Structure formats: C-alpha cells, structure tokens
There are 2 protein chains.
Amino acid sequence: MSAKWLNKVKWDENGLVPVIAQQVGSNDVLMFAWMNREALSKTVELGEAVYWSRSRRKLWHKGEESGHIQKVHEIRLDCDEDVILLKVEQVADVACHTGRHSCFFQQFQGKADDGEWVTVEPVLKDPESIYK
Amino acid sequence: MSAKWLNKVKWDENGLVPVIAQQVGSNDVLMFAWMNREALSKTVELGEAVYWSRSRRKLWHKGEESGHIQKVHEIRLDCDEDVILLKVEQVADVACHTGRHSCFFQQFQGKADDGEWVTVEPVLKDPESIYK
C-alpha cells in the first residue's frame, strides 16, 4: 500500500476519507461511508466496495453479510483530494440495511422553526430476510 | 434553533454533519461539505445552501463570492441520521472553485499497485473570472 496514487489522497487525522456511493446510470446517492488506505486499495483490487467500519473498527466488505455487494465502475476524487466518490452497481438494488434502495430515505418537510423528517422511500426487502 | 427536527440529526463531536450536494435532474454529485445546526437551519430558512467552513471556521453561504449559489429543492437525512443530502439547482452549473461543474473531476485509472488520478472534466469558467 505504498502506491503513489494512495498518497495523493488527503487522509484525515484518523487516516480516513469520506466516501459517497452513487448508483451507475440513475446517479442515485446510495450511501455514505468511510475508507482507510487499505479499504481503498482493496476496493480497487476487488472491484467491489470495501469500507472502514468506524463502529466495528475493521474493514467492511459491503455485502459480506447481506450479499448486497457494490460492483465498482468508477472512482473519483474531489478538488481538495479528501473525498471519494464511487460509481457502483448495487446488487439487489438495496444499499441500505433497512432494506431500502438508498440510505437517504428521510425527507425534510416544513419550515425552519417547525419541520419534520418524513420517510418517503419504500422498503424493497424485509431486513429480517437480508440478515438471517 | 431549538427546533425538534434539528435534534433528530446526530451531530458529531464537533457539532457537524457531512453534507452531499446533488444536482436536481441529472443527479450529478456536485460537492461535499459540512454543516452545523445553524447552517442547516439557515439553509431551510433561505432555501439556499449554507455550509460550515471548517478552514475559515464560519458560516459559508455557498456562492457568496462567486455568485454560484445553490437553490435547495430537497433535503434528505440518512438511516443513521448523521449525513445530509441536498438536492440543489446549481447556479451557473459550476459548483467547484476550479470552475468545473462538479468537484469530483479526478478519475482513478490503473491498478491497485500502479494507478493515477486523471482529470476528466473540463473547466467551464475561468476561476479568475469567478473570484475577482
């Protein structure tokens, strides 16, 4: 993992970068996660998204439990070189652990002084059937 | 800013959340930034994206210098309630300070042990003409 292209990424004080996963074609934003050097290197190697789980403190090959892996079509880096964008093909069309297509299923409705977050996307697959 | 909907957001240890800005229609991911409570509240109030600049440590009404404001059409929250997605109409079609449509203009090419980041998006507007 001493590859030069990995050095171009500006890892934060924890050795991580934010990652946005976007569906190829529709361009829907599916989820947001983090990667360390090893995760990004593995992602390129496998052609499948590998993140760093901050809660479990280990590499997380997306779909390792659910089967809902993400085939990586393209990897982008932003102007400040501290954020990654993955264009992926989401297996089963379900990226979220709630069984929804995207993790961004809560929509703000209302005004600044009186608003609420409303669920506006359907569950495509029962989470209990995903994680046995 | 004591509104209940703001309390639903899980602010990090610095009182911030990551924010993804996405173009309405094309769904292109334009940029990534951060918000604090005040920034999110202002965004709803104005209907224009207001971020928190971590480098300048102040509110940043996107476009305040360049004129390239972002009109907010929709605000989404993710399943963990710690990431925001904005669907915006990007004025002048230029979100990036380099004069490009999107900040994610560098594409990874190659393999894990020998790759590079290649600029694949054109400059639409000379940055010198943006920031006088």
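Just the heavy atoms: all of them, side chains too, but no hydrogens, waters or symmetry mates, feed the values below. Predicted model only: the values in this text are computed from it and were never measured. Numbered from 1 within each chain, the chains take letters A, B, ... in sequence-line order.
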Would you say A/K87 has more than 12 foreign heavy atoms packed within less than 6.0 Å of its NZ?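 Atom NZ in A/K87 is crowded, with more than 12 foreign heavy atoms closer than 6.0 Å.
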Residues of residues 43-75 of chain B within contact distance of chain A, non-hydrogen under 4.5 Å: B/V44, B/E45, B/E74, B/I75
Close approach to chain A in residues 99-110 of chain B, criterion heavy atom under 4.5 Å: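 Those residues of residues 99-110 of chain B which have a heavy atom under 4.5 Å from chain A are B/C103, B/F104, B/F105, B/Q106, B/Q107, B/F108.
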Restricting to non-hydrogen atoms, name the atom on A/S41 and the atom on B/A112 that form the minimum distance, rounded to 0.1 Å.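 That would be O-CB, 3.9 Å.
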Heavy-atom cut-off 4.5 Å, strictly under: side chain, backbone, both or neither for B/V120 against chain A? side chain
Under 4.5 Å heavy-atom distance to chain A, tell me which part of B/K8 shows up: side chain, backbone, both or neither. side chain
Let's test your reading of the structure: which of B/T98, B/D113, B/V118, B/V29 forms the most heavy-atom pairs below 4.5 Å with chain A?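 If we count pairs closer than 4.5 Å to chain A, B/V29 comes out on top.
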Measuring from atom CG of A/D80 to atom CE of B/M31, what distance do you get when rounded to the nearest 0.5 angstrom? 9.5 Å
Once rounded to the nearest 0.5 Å, what's the spacing between atom CG of A/L30 and atom CG of B/D78? 12.5 Å
Report yes or no: do B/V19 and B/F32 belong to one cluster of Ile/Leu/Val/Met/Phe/Trp/Tyr joined by side chain heavy-atom distances under 4.5 Å? no
Donor-acceptor pair, A/N27 side chain versus B/S26 backbone, under 3.5 Å?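 Confirmed, A/N27 side chain pairs with B/S26 backbone.
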Counting only N and O atoms by type, is there a donor-acceptor contact under 3.5 Å from the side chain of A/W117 to the main-chain atoms of B/W5?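 Side chain of A/W117 to backbone of B/W5: a pair is present.
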So what's closer than 4.5 Å to chain B heavy atoms on A/L77: side chain, backbone, both or neither? both
Contact origin within A/D28 toward chain B - heavy atom pairs under 4.5 Å: both
